[in-house]
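Read the structure below first, then the notes.
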Number of protein chains: 2
Amino acid sequence: MATRKEVAARAGVSEATVSRVLNDVGPIKEETRQRVLQAAKHFNYAPNAIAQSFARGKSGNLGVVLPYVPGVHLFSTFYFSEMLSGIGAAAKERGYDLLLKFRSLETDNDYELLFQRQKVDACIILGARNTVEERESLVRLQAAKLPFCLIGQHYEELRCNTLDADHVQGSYLAVKYLLDQGHARIAFLNGSPAYSNSQDRLKGYLKALGERGIAFDERLYVEGNYSRTSGYQAAPYILEQQVDAVFAGNDRMAIGFMQKLRELGRGAGQDMAIVGYDNSDAAQFTEPPLTSVAVPFYEMGSLAAAKLLESIDANDEKEIFQEKLSTHLVIR
Amino acid sequence: MATRKEVAARAGVSEATVSRVLNDVGPIKEETRQRVLQAAKHFNYAPNAIAQSFARGKSGNLGVVLPYVPGVHLFSTFYFSEMLSGIGAAAKERGYDLLLKFRSLETDNDYELLFQRQKVDACIILGARNTVEERESLVRLQAAKLPFCLIGQHYEELRCNTLDADHVQGSYLAVKYLLDQGHARIAFLNGSPAYSNSQDRLKGYLKALGERGIAFDERLYVEGNYSRTSGYQAAPYILEQQVDAVFAGNDRMAIGFMQKLRELGRGAGQDMAIVGYDNSDAAQFTEPPLTSVAVPFYEMGSLAAAKLLESIDANDEKEIFQEKLSTHLVIR
DNA sequence: TTGTAGGCGTTATCAC
DNA sequence: GTGATAACGCCTACAA
């Protein structure tokens, strides 16, 4: 593979001039420029990106941290897929490449390492949880002044770049809708409280109930893990509680719940109203179609990436951003 | 951020020794090793990955090229999601990071550039098409001895690393199933012939028909673009042909077709049999559930990555691999 | 067992 | 306008 040296030799100029031409800096005689360009073309030369990163002290990569669970096909979940699409689009626009980091939840709890090694200029963290180790790791990250942004998770104690959807509002909308339809005993099938968005959903649920003066009945509150199976498994218990509606924290759980319903011979939508969350593709294919809270995952990803990259490109003092995009209910 | 120099100074050794300790090479006195480790810990030192790549001439990145279409949420398609999950898992196992490259179909037709810049040690190309530019670009890639692998696409003229599913077989199974069910006029809703897998599907379709002595009727052959919309739009024409079954090149098109069917008041599965392809999540949620050809996308991704990385890690002469994983029919 | 020193391919700061 | 040249942080013979 040709290097700058060979190009310089062939063009009869110094290596510095080659760089100047290729980086389009400084004044250059048109004739020299042409000679260099031709020589470069002759060798099919392109600057070595790693050497460039090394010299510039910038990698040109935007890191994306994803939770990695062996055997679980992560991208197949609507949430991550959409988000990553958005991040990718925004990064591409700004000339950054995406470096994916799969983090094993048990072993890789050190976000710092990612940056210490300086393979990325900034980083977006997906699927962070509220555990002691993670919080501490994030505090260190911040102390080291490494630019990062959390999507879909926020901590009370930690003020850092954050992009999320307004899940309090989303859940409120969903539950209010069910109440408006005349349902009173509404079960809530939530995900793990280790995620702040689960907690937010609970707040929205409580808020909607509170407005109608309905007290929280803990028997109607069930925790799954956002998987279809957990929705499926929760169904028998929920049915025992004589509810007339179910609000699920995501579509997967809602779909699992509906499957069990059908197996038990109780068609969904007849004597039982169900509302999901995410408005994933699947929501429109179920029978009956699933009413669901639409979350702008793609926009969350692209906005987070845009803001983050913008802030590192303009290298003045970075302001912390904490944005919340709104959700809406898609009634089917 | 601390560098090796500072660590060396604090430990009272040379920089070379620091590297030796950290890379675990050569004989080192235990005491020295401890001093170095402590000094490293003191500064919270981790070697700069880019400098390392630079010195070693290896990036430690596995590139993944993805077609990029503005406005289309790529990862949301089962195909890419699953594949990328598989690639990611295999890369992680071998200590490689994933570098994603979104390729604009119109402008970025030069695969070479990716490698010339040497930001990746090897590359997996998804969504390659059979166009003049792409073929030429791939030929150059190969001539430059850059290790890459195509997934889901192969060319007659070009012998390169390839991993695919056996779509001839898959389509054959699907059509044979429909024939066995007693259907005779089977429409085929295929995707663009720019993808070799579309062509393979056609072969399978023809093979199954041929076995029963049924001649190809071009009125029953329709080309969509693998989107749900294209399935939806193709429906009226297909219905006009008085077919009793439809085989779709992927589930998305099958689902679009079914939607139109329902809108027209003709429930699927009643007077019209439908078989999809991919066995995506969505296939089980439709009403009625969709019979579909299961393709091991995840395994394709992980196997391709494994083989490719293996071949570059063992730096002897690389043998070209061309593998085809088998598919099976999931009857619902 | 450890130190010295050359090299990796750029960028960027000086001179001229 | 252009050419030297010193970084950049690390790896790795080669010497000692």
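Please read these numbers as outputs of a predicted model, since none were measured by experiment. Order of the sequence lines sets the chain letters (A, B, ...), proteins ahead of strands, with each chain counted from 1.
- A heavy atom closer than 4.0 Å to some atom of DNA chain D occurs in Y45(B), these being the qualifying members of residues 29-46 of chain B.
- Here dG7(C) presents its P atom at 14 Å from CD of E15(A), a figure rounded to the nearest Å.
- Between I50(A) and Q52(B) the shortest side-chain heavy-atom distance does not fall below 4.5 Å.
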Inset, instruction - Kindly indicate, with the supporting measurements, whether the criterion side-chain contact (heavy atoms from CB on, under 4.5 Å) is fulfilled by R129(A) and Y195(A). - result: CA-CA 5 Å; R129(A) 292 166 309 170; Y195(A) 301 102; 3.3 Å; yes
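- What separates CD1 of I28(B) from C1' of dG3(C) is a distance of 13 Å, to the nearest Å.
- Remark: Y96(A) engages no residue in a ring pair (Phe, Tyr, Trp, His ring centres under 6.0 Å) (not counting sequence neighbours).
- DNA chain C is contacted by both A2(A) and A16(B); A16(B) maps to the nucleotide lying nearer its 5′ end (nearest heavy atom per residue).
- Figure legend: K307(B) and F321(B) shown as a cation-pi pair, the cationic atom lying under 6.0 angstrom from the six-membered ring centre and within 45 degrees of its axis.
- Contacts between residues 48-63 of chain B and DNA chain C, defined by a heavy-atom separation under 4.0 Å, are made by F54(B), A55(B).
- Salt bridge K119(B)/D97(A): present, at least one basic N to carboxylate O contact under 4.0 Å.
- The stretch residues 18-27 of chain B touches DNA chain D through S19(B), R20(B), N23(B), each having a heavy atom under 4.0 angstrom from the strand.
- Taking 4.0 Å as the cut-off between side-chain N and carboxylate O, K58(B) and D313(B) count as a salt-bridged pair.
- Counting heavy atoms from C-beta on, the side chains of D24(A) and R33(A) come closer than 4.5 Å.
- At a threshold of 4.5 Å between non-hydrogen side-chain atoms, the residues M1(B) and N48(B) do not count as touching.
- Taking side-chain N and O atoms only, S14(A) has no distance below 4.0 Å to OP1 or OP2 of dA4(D).
- Partners of Y45(B) under the ring pair (Phe, Tyr, Trp, His ring centres under 6.0 Å) rule, at least two apart in sequence or in another chain, do not exist in this structure.
- Here E31(A) pairs with R35(A) under the salt bridge (Lys or Arg N to Asp or Glu O under 4.0 Å) rule; sequence neighbours left out.
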